[in-house]
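Atoms within a ligand are numbered from 1 in the order they appear, just like the ligands themselves.
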Amino acid sequence: MPSYFVILILEPNVDKESQSYEQLLSYLESLSDIEYRIHDIQGSEIRITEVYLIGNTKALSRDHMRSLPTVERVVLVSESYRILGRHEDDHRPTGFDYNGLRFGQDTFHVFAGLCAVDTREHVEMMLKALNERGQVCTRMGAYKPRTSPYSFQGHGRECLPFVFEVAGKYGIKVIAMEVTHESHIDEINRALDEAGRPTGVMLQIGTRNTQNFELLKAVGRQVTYPVLFKRGFGITLDESLNAAEYLASEGNRMVIFALRGMKTNMGDPHRNLVDFAHVPTIKRLTRMPVCIDPSHSVGSRDRSPDGLLDTMHVTAQGIIAGANMVLVDFHPAPNEALVDGPQALRMNELGLFLDDAAIVREAYLKRVAALKA
Ligand code: PEP
Ligand code: MN
C-alpha cells in the first residue's frame with residue numbers, strides 16, 4: 001500500500017478514560033515513523049474524535065486499522081486537501097455549529113448587510129430591517145482591503161463596540177467580518193468580550209488575502225470563530241482549495257468556501273466573471289459549505305428586461321446549484337456608502353431578495369428530492 005495520510009474515525013462519543021481507548025493510544029505510540037494527532041469535533045449531540053496518522057503508513061493495512069480498538073472507520077487520503085477534502089469512502093458529516101446555527105452542505109443562510117460599516121445609524125437601519133424579516137446573520141466590514149491606499153480603509157476597531165451592541169439588540173447571531181491582519185482577531189475578541197458577547201463573528205478572508213499564508217495560519221490557529229474563506233480572484237480553484245486547507249491544518253475546520261467571481265475582462269460588463277458553476281464542484285471535492293457573493297461578482301445594479309437585477313439572477317443561479325450561503329451587499333443610503341455603494345441593494349429590495357432566494361432554495365430542494373424519489 002502506498003503511504004497515505006490516514007484518518008481513523010473513532011466511535012461517536014468515545015470514552016477517553018476507557019481501556020480500549022488507552023489500548024489504541026499505546027498501539028499508536030508503538031509505531032515507528034508515524035506521528036498521530038487527535039482532533040475532536042463537538043456537535044450539538046455527538047462528539048466525533050478523529051486521529052490523523054502522519055508519516056510512513058505503508059505497512060498498515062486498512063483492515064488492520066479498522067480492527068483497532070474504538071476505531072469505527074478508516075479514511076485514506078492521498079489528495080492535497082487532506083482535512084477539508086472529501087475522500088474515497090468518506091461519508092463524514094459536513095459543516096459545524098456556531099452560536100446556535102448549523103452550517104453544512106445541506107443548510108442555507110443569507111448574510112445581507114453593509115459592505116463597510118460607516119455610521120451607527122446605517123448599521124441600525126440595516127439590522128432592524130433584517131430582524132423584521134426574521135434574519136439572524138449579516139455582513140459588516142470593519143477592516144477593508146482597498147485597491148488604493150488613499151481610499152477609506154474601514155473604521156476598524158473603533159466601530160466594533162456599536163456594531164456588536166446593535167447586533168445584540170436585533171438578535172443577530174453571526175456577523176461575517178473580514179480581517180486583514182492577525183491583530184484584528186484580538187481586537188474583535190476584546191470588543192466582543194467588552195460588549196458581553198451579544199453576537200457572534202465569522203472571520204472573513206478576502207480574495208486579496210487568499211494566499212496570505214501567515215494570515216491563514218493565524219486565523220486557523222484560533223477555533224473560537226468560523227471562517228468565511230473567499231476564493232482568490234486570479235488563481236485556480238485548486239490553489240484556492242489548498243489555501244483553505246491552511247486554516248484546517250492549523251486546527252480550524254469551521255470553514256465556508258466563498259465564490260465571488262474571477263478577475264478577467266471576459267466577464268464584462270460584470271465586475272468579475274461569475275463562477276457559481278463551481279458550487280457543486282466544491283461540494284464534491286470538499287466537505288465545506290459553499291457561499292456565493294453575487295455583489296462582488298456582478299458589481300452593479302444593472303438589470304435585465306425582465307426587471308430582475310443581474311445580482312438577483314446570479315444569486316438564483318448559485319442557489320439552484322446548491323449554494324449554502326449568500327453574502328450580499330445592502331445599504332440604506334447607497335449614495336452615502338463609503339465602499340461599493342453602486343452595487344448595494346436597497347432596503348426596499350430586502351423582502352424581494354429574501355423571497356426570491358427562498359423560491360429558488362425550495363426549487364433546489366425539489367430537484368434533489370426528485371432524484372431520490
Ligand atoms: C467583501 O466581501 O467586502 C470583499 C472585499 O470581498 P472580496 O474579498 O471578495 O473582494
Ligand atoms: Mn465590497
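At least one N, O or S atom of Asp340, from either the backbone or the side chain, sits less than 2.8 Å from the Mn ion (ligand 2).
Under the 4.0 Å criterion applied to side-chain N and carboxylate O atoms, Arg133 and Asp355 are not assigned as salt-bridge partners. Comment: Arg208 does not engage Glu178 in a salt bridge, judged by the lack of any side-chain N to carboxylate O separation of less than 4.0 angstrom. A salt bridge links Lys217 with Glu214; the closest basic N to acidic carboxylate O contact falls under 4.0 Å.
With hydrogens left out, the protein atom closest to atom 10 (O) of ligand 1 is Arg260 NH2, 2.7 Å, a heavy atom. Nearest non-hydrogen protein atom to atom 8 (O) of ligand 1 is Thr207 N, 2.8 Å. With hydrogens left out, the protein atom closest to atom 7 (P) of ligand 1 is Lys230 NZ, 3.4 Å, a heavy atom. The closest protein non-hydrogen atom to atom 5 (C) of ligand 1 is Glu178 OE1, 3.7 Å.
Between Tyr27 and His64, the ring centre distance stays below 6.0 Å.
Using modelled atom types, one finds no donor on one side chain facing an acceptor on the other under 3.5 Å when comparing Thr236 with Asp238.
Centred on the Mn ion (ligand 2), the angle running from His296 (NE2) to Cys115 (SG) is recorded as 140°, rounding to 10°.
Heavy-atom separations between Arg231 and ligand 1 are all 4.0 Å or longer.
Remark: Lys16 NZ is packed, more than 12 non-hydrogen atoms of other residues, nucleotides or ligands lying under 6.0 Å away.
Ligand 1 has an N or O atom lying under 3.5 Å from an N or O atom of Arg139, backbone or side chain.
Atoms of ligand 1 lying under 4.0 Å from any heavy atom of Gly206, numbered from 1 in the order shown and given with element: 8 (O). Residue Lys144 has at least one heavy-atom neighbour below 4.0 Å for each of these atoms of ligand 1: 1 (C), 3 (O). Listed by number with element, the atoms of ligand 1 under 4.0 angstrom from any heavy atom of Gln204 are 1 (C), 2 (O).
Counting only distance, with no hydrogens or angles, the side chain of His331 and the backbone of Ala116 share no donor-acceptor pair below 3.5 Å.
Nearest approach of Ile188 to Met177, heavy atoms of both residues: CD1-SD, 3.8 Å.
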